Amino acid sequence: MRQRVVITGMGGICGLGTSAPAIWNEMRAGRSAIGQITSPQLHDLKVKVGCEIKTLPDHGIDRKQTVSMDRFSLLATIAAREAMQQAGLASNEATTYRMGTVVGVGVCGWEAIEESYRAILVEGKNRAGIFTVPKVMPSAASGHVSMNLGLRGPVFGVTSACSSSNHAIASAVDQIRLGRADVMVAGGTDAPLVWGILKGWEALRVLAPDTCRPFSADRQGLSLGEGAGMAVLETYEHAMARGATILAEVAGAGLSADASDIVAPTVEGPTAAMRACLADAGFNPEDVDYLNAHGTGTKANDQIETAAIKRVFGDHAYKLSVSSTKSMHAHCLGASGALEMIACVMAIREGIVPPTANFREADPDCDLDVTPNVPRERKVRAAISNGFAFGGTNAVLAFKAV
């Protein structure tokens with residue numbers, strides 16, 4: 001039998017809150033944090049709507065480390081520290097090489113890139129900041145989490161656009177099952193609310209002018225947000241031996257690729273990933289009670305995801321509780337799947353399905369129960385989290401009660 005991998009700690013930070021419990025409280029209540037972005041650097045934008053973290057918490061990270069961090073690395077480290085604290089774990093000489101981290105990132109350190117461009121092209125300086133390169137690299141987040149927590153086992157970054165978090169968690173599970181680590185800290189992070197990134201997304205014409213309305217007939221696109229989510233993963237036996245509180249089990253993962261178009265999704269790719277996830281978890285379709293949808297709020301994504309869910313779950317698709325929490329924390333790119341993991345785990349633990357906020361009008365092409373606006377009490381034995389991305393990369397995770 002393969003190793004069972006469980007979650008014993010979670011951490012998070014995004015526009016909804018600066019801790020996993022705070023984020024869940026807002027999700028559970030159906031409150032959206034999407035609004036006007038206040039950064040003074042975002043001039044000349046047609047759309048200035050997103051989900052930003054207004055104030056960072058007192059994180060206690062040494063300034064000697066923060067000076068070499070871009071914002072996405074800082075957010076990941078804050079979330080990882082919270083997850084480890086909840087798990088009741090700390091590395092020591094005996095465990096440090098058996099503990100690692102995998103962090104998913106959708107973009108990279110664009111805050112540092114823009115600071116360098118501004119310094120050189122606008123302010124006339126003749127060189128970039130000394131920490132530009134280590135701040136920018138996509139693997140910086142995993143490196144900083146490793147350094148801050150003393151994790152010397154498998155440490156690496158994963159990047160697959162909007163499915164990065166789910167790929168990172170799946171990869172961390174694999175490290176444990178392969179015997180390379182006893183404990184892995186895994187999740188995702190991104191800080192895309194900078195001028196260059198927003199101008200790029202603006203050019204794609206997929207940003208909503210007001211807010212994100214997944215599955216609503218009047219939806220006008222997605223909203224971008226920043227944040228990070230992290231989980232402490234360990235074997236069931238390891239957690240039981242130390243008397244840890246187990247939050248949920250990572251039951252399975254399913255990965256696929258569309259191999260079709262760099263931005264346009266297909267029905268076949270997501271369908272394959274969800275089917276592979278159910279098979280890996282040993283689930284029948286009717287075993288799943290809640291599905292946290294990728295649900296970006298674009299016309300194409302929501303229709304195609306609905307069609308894929310129907311293919312995979314058949315008649316049970318209409319008995320599923322489905323919701324998109326991106327309606328509340330926005331699309332945090334590489335962090336989205338990790339924030340949605342928090343929603344899945346807490347839905348299992350509390351029997352509350354978080355709603356799809358901002359919903360106004362039923363769409364006949366999105367005719368599943370999308371839990372509009374109001375949370376629902378329901379026993380959730382197992383939950384699925386969908387992550388689909390530009391590039392046609394799909395990663396789906398399954399969680400279950402222990």
Side-chain angles (χ1 to χ4, degrees), residues 6-35 50-62 65-66 69 71-90 101 103-105 141-142 144-145 148-149 151 165 168-169 183-191 193 225-234 244-248 292 325-350 352 354-355 357 375 383 385 399:
V6 297
I7 299 171
T8 55
M10 296 190 300
I13 180 169
C14 67
L16 288 175
T18 56
S19 68
I23 291 168
W24 172 244
N25 284 339
E26 297 302 290
M27 284 183 178
R28 183 176 54 189
R31 286 190 283 265
S32 175
I34 299 169
C51 192
E52 63 181 338
I53 301 165
K54 302 298 185 184
T55 304
L56 291 176
D58 184 10
H59 48 69
I61 301 171
D62 195 294
Q65 185 173 8
T66 61
M69 281 181 166
R71 188 174 179 87
F72 81 112
S73 293
L74 178 60
L75 298 180
T77 307
I78 291 171
R81 285 163 62 93
E82 180 191 355
M84 284 287 275
Q85 183 175 15
Q86 185 186 25
L89 279 170
T101 183
V103 183
V105 178
S142 57
H144 278 294
V145 170
N148 192 269
L149 297 176
L151 313 178
S165 283
I169 293 169
V183 175
M184 293 292 293
V185 183
T189 184
D190 252 328
L193 301 185
E226 59 179 346
M230 301 294 287
V232 173
L233 310 176
E234 55 188 299
T245 298
I246 295 174
L247 305 180
N292 189 295
T325 53
K326 288 184 180 70
S327 60
M328 295 178 276
H329 55 69
H331 197 343
C332 297
L333 303 182
S336 286
L339 296 170
E340 290 153 7
M341 168 208 59
I342 294 172
C344 288
V345 170
M346 295 310 298
I348 290 169
R349 291 187 63 76
E350 294 193 0
I352 300 288
S385 176
F399 307 93

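Because only heavy atoms are used, hydrogens play no part in the values below, and waters and symmetry mates are left out as well, while side chains stay in. Quantities reported herein were computed from a predicted structural model and do not represent experimental measurements.
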Can you check whether [X] reaches [Y] side chain to side chain, under 4.5 Å on heavy atoms?
| X | Y | answer |
| --- | --- | --- |
| L56 | I13 | yes |
| L16 | T325 | no |
| H331 | L333 | yes |

What distance separates [X] [atom1] from [Y] [atom2], expressed to the nearest 0.5 Å?
| X | Y | atom1 | atom2 | result |
| --- | --- | --- | --- | --- |
| M10 | I342 | CE | CD1 | 5.5 Å |
| C332 | E340 | SG | CD | 8.5 Å |
| I169 | M341 | CD1 | CE | 5.0 Å |
| M84 | R81 | CE | CZ | 10.5 Å |

Under 6.0 Å from the CG atom of D58, do we count more than 12 heavy atoms belonging to anything else shown?
no
Q65, CD: over 12 other non-hydrogen atoms inside 6.0 angstrom
yes
Going by side-chain contact (heavy atoms from CB on, under 4.5 Å), name the residues that satisfy it together with C344, two or more places apart in sequence or in a different chain.
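Here the qualifying residues are Y290, N292, A383, S385, F399.
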May I have all residue pairs that pass salt bridge (charged side-chain N to carboxylate O under 4.0 Å, His left out) and include part of residues 8-28, sequence neighbours excluded?
E26-R31, R28-E350
Side chain T189, main chain A228, donor-acceptor under 3.5 Å:
no
Identify the two heavy atoms, one from A343 and one from P354, that lie closest to each other, and give their separation to 0.1 Å.
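The pair with the smallest heavy-atom distance is CB-CG, 4.2 Å.
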So, for T101 and S142, which heavy atoms are closest and what is the spacing to 0.1 Å?
CG2-O, 3.5 Å
